[in-house]
Amino acid sequence: MKLEFEVNGEARALEVEPLRRLLDVLREDLGLTGTKEGCGEGECGACTVLVDGVAVNSCLVPACQTTGARVETIEGRGFEAVQQAFLDEGGAQCGICTPGMIVMTRAWLEECAARGVQPDEQGARVALAGNLCRCTGYGAIVRSAIVRRQSNLSHAADAPGSPVALRGVRQIALAPYDRGTEALRSVLEQLATADDTTRVIAGGTDLMVELRTGRTKAARVIDIRALDELRGLREESSGLRIGALETCADLRRSPLVRERFDVLSQACAEVGAEQIQARATLGGNLGTASPAADLTPVLLALDARVRLISLAGARELALDEFLVGYRRTARRVDELIESIFVPWLASGTRCAFRKVGTRRAQSISKLVVALALRVDAGKLVHVRASAGAVAPRTLRLRALERELDGRAPTPEVLRRAARAAALEDATPIDDVRSTASYRRHALARTLVTLLAELTTVRA
Ligand SMILES: Cc1cc2nc3c(=O)[nH]c(=O)nc-3n(C[C@H](O)[C@H](O)[C@H](O)COP(=O)(O)OP(=O)(O)OC[C@H]3O[C@@H](n4cnc5c(N)ncnc54)[C@H](O)[C@@H]3O)c2cc1C
Ligand code: FES
Ligand code: FES
C-alpha cells in the first residue's frame, strides 16, 4: 500500500506492507534510528513515538494505521527542552531507553498542561511506567521529567509544516489492502467471507505481538480502527453503551465513566502503561478473551452485554455467554464486536477491583478480582463477583455469590464465601507466573479483604 503521512513536520509517501511495524518504517525506510527497539512486544517503551500527539509503542503500530497521521520522533522539533533536562539532571542513562523516555515525558507534560495539572513526581512515575530501565533506576529520570516544568513547553501543534491535506485521510486497509471505502458495511462484507484465518485488528496491542511471535497465524487481516461507528459512549435509559473501539485511555479519562462506573476507570488505568492504554480497546480485550485480562472481570461483575453485528444482523449476549473458554468466544467469524452495554448500577451498589501482579505496571495479572454488591437492611443482595487468571477463562464466582446473597456480612460469612470461591469456582493450574495453590490462597485472601472493605466489616 502507499503510506502517506507526516513525519517530523514533513509530508512523506512510501510503499509499505500494511502490517509493517511503524518502528521499521521509521528506522529502516526513513533512516530515523533515534527510535530504538528493545523488546519488540510493547513492554519496554524504547520505541515510543508520538502519533497525532499521543505516545505509542511504534513496535505495535501497523503502518496502515498511520495513514494521514502526524508522527513525531526524537529527531523532530519540540523535544529540545526535555532533552536538556535529561542532560542537566543525569536522566540520560543509556542510548536505548533515553529517546523513548524523552518522547513519553513530552507527551505527559503536554497532557498535564492541557489539563491544567502541575507535573509532580507521582505523575511522572505513572507516566513513565512503560519505559523500562534496568541499569540505574528512576531517580534521575523522574527528576529530569519534572524539572521540565520550569521552562516553556513548545506544544506539538507549533511544529511547522503540518500538511493539513493529509490529516483525516485515515482509510481502512482491507485485505488485500486495497484502501477501499471506509464504510462499516464493507468491513462486514469482508467478514462475510471470513474463515478462522481472518483476524480483525483494532489497537493491535495483542494481535501485533501474536502475529510477530507466530502464536496467531492470519491469512487475512482487516483493519477496523477507523470505523467511527464502533466508537463513542451513549447513555441509554437502562445503561451505558460503549463502542468497541473505545480505548483504555478514553475510558479512564471519561468523566461519565468515572462518575457512573469508577471501577471500570480503575481497571483501565491498570492495563499496561500509558502507551498501551492509548491503543488498547475494550473490544480487543474481549476479543482476545485472555483469562488474565483486566477488563473482563469488571464487566462480568457489572452484568455487561456484548453486541455483535454482521451482515446477517445483530445479536446481544451476556458477557458470561460470550466468553466460552481459553481465549475463545462465542463470536462467529463473520461478526464484529460493535459495543458493550453496561446497565446502570442500582443505587447503593458498591464495587471493587483488585489486580495482583509482579510489579506495579506492565504486569500480566497473577490474579484479578472484581465485585459489585449492595447491603440492604443488613443483608447482602445482588452480589456479583468475578475473577481472572484462576481458570481457563474469566469466571463468575457463583459459589461465592451463593454463599453471600441474602446473608448478613459477618466475618465468618465472608470467609466461608471466599473459601468456596477458592475451592469450588477456581480451577487454577501451575504455570510460569504462579502455582495453583498460590492463586487459590491469593484469591481467598483478596476476596476477604475486598468484601470487608465493601461491607465495612472487619474480617
Ligand atoms: C505490553 C503489554 C501490556 C499489556 N497489559 C495488559 C494488562 O495489564 N491488562 C490487560 O487486560 N491486557 C493487557 N495487554 C493486552 C492488550 O493490551 C489488551 O487485551 C487490549 O485491550 C487489546 O485491545 P486491542 O485493541 O489492542 O486489540 P487487538 O490486538 O487489535 O485485537 C485483539 C483481538 O481481538 C480481536 N478484536 C479486536 N477488536 C475486535 C472487534 N471490534 N470485534 C471482533 N474482534 C475484535 C482481534 O481480532 C484480536 O483477536 C497488554 C498488552 C501488551 C503488549
Ligand atoms: S521495542 Fe519495547 S516497547 Fe517497543
Ligand atoms: S536507561 Fe537504559 S537500561 Fe537504564
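Whatever order the structure lists them in is the order used to number ligands and atoms, beginning at 1.
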Side-chain H-bond candidate by donor/acceptor type, Glu210 with Thr216, under 3.5 Å: yes
Any Val7 side-chain heavy atom under 4.5 Å of Leu32 side chain: yes
Any N, O or S atom of Cys59 closer than 2.8 Å to atom 2 (Fe) of ligand 2: no
Angle subtended at atom 2 (Fe) of ligand 3 by SG of Cys97 and SG of Cys94, nearest 10°: 100°
Heavy-atom gap Lys355 to ligand 1 smaller than 4.0 Å: yes
Interfacing atoms of ligand 2 (cut-off 4.0 Å, heavy-atom, Gly40): 1 (S), 2 (Fe)
Given Val298, Leu443, Thr446, Asp294, the one that forms side-chain contact (heavy atoms from CB on, under 4.5 Å) with Val368: Asp294
Contact flag Cys47/atom 4 (Fe) of ligand 2, N/O/S atoms, threshold under 2.8 Å: yes
Test item: Leu302 and Cys351 side chains (from C-beta on) under 4.5 Å apart, heavy atoms: yes
Atom 3 (S) of ligand 3: the protein heavy-atom neighbour that sits closest, reported with distance to 0.1 Å: Arg134 N, 3.2 Å
Glu43, portion touching ligand 2 at heavy-atom distance under 4.0 Å: backbone
Residue pair Leu132 / Cys39, side-chain heavy-atom distance below 4.5 Å: no
Close side-chain approach of Arg21 to Leu60, heavy-atom, < 4.5 Å: no
Ligand 2 atoms in contact with Cys39 (distance to a heavy atom under 4.0 Å): 1 (S), 2 (Fe), 3 (S)
Per-atom contacts, ligand 1 versus Leu207 - under 4.0 Å to a heavy atom: 29 (O)
Region of Arg331 that comes within reach of ligand 1 [heavy atoms, distance under 4.0 Å]: side chain
